[in-house]
Amino acid sequence: MINRKVELHDVDVSAFIHALDSCTGNVYLETEEGDCINLKSRLSQLLGIATIIKGGSVTSASLRCENAEDESKLFRFDLFGEVPDKSEDDAKA
């Protein structure tokens, strides 16, 4: 069961996509309107971003993560703006 959630706030879109690319499990974007989008593919990432950008600003949304490590990465990204280093991800693989 997926029960981990990360609230998403003011987002740097490019950095957010990089953070998503570093995730190993499924990450779902959920909006207040009830949309739920799996952000695994680039197309769904763009759709998800378009869904949360209204009138030039980012509306509130949350992320559900299947993997606790992904949740931690995205939480740190949202809170501190930390983008996972690509070389660290490659070293773990």
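This chain uses plain numbering: 1 for the first residue, then up along the sequence.
- R42 places a side-chain heavy atom less than 4.5 Å from the side chain of D21.
- In terms of the side chain to side chain donor-acceptor pair (under 3.5 Å) criterion, residue partners of T24 (sequence neighbours excluded) are, by chain and number, N67.
- In this structure, N26 and R64 have side chains that are not in contact, with every pair of non-hydrogen atoms separated by 4.5 Å or more.
- Here the straight-line distance linking atom SG of C65 with atom OH of Y28 works out to 10.5 Å at 0.5 Å rounding.
- Two residues are said to be in side-chain contact when any heavy atoms from C-beta on lie closer than 4.5 Å; L63 and D78 fail this criterion.
- Residues passing the side-chain contact (heavy atoms from CB on, under 4.5 Å) test with S14, sequence neighbours excluded: D12.
- Residue L74 comes nearest to A19 through the heavy atom pair CD2-CB, 3.9 Å, listed as atom of the first residue, atom of the second, then distance.
- Legend: residues meeting side-chain contact (heavy atoms from CB on, under 4.5 Å) with S72, ordered by chain and number and at least two apart, are R76.
- In this structure, OG on S22 lies 8.5 Å from CD on E69, to the nearest 0.5 angstrom.
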Derivation and outcome, side chain to side chain contact (heavy atoms under 4.5 Å, CB included), residues F77 and V83: CA-CA 6 Å; F77 168 77; V83 179; 4.0 Å; yes

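- L79 pairs by the side-chain contact (heavy atoms from CB on, under 4.5 Å) definition with F75, not counting sequence neighbours.
- When all heavy atoms are compared, the tightest approach of D70 to G25 is OD2-N, 2.7 Å.
- The line from CD of Q45 to CG of L20 is 5.0 Å long, rounded to the nearest 0.5 Å.
- Looking at D35, I37, L29 one by one, the single match for side-chain contact (heavy atoms from CB on, under 4.5 Å) with L47 turns out to be I37.
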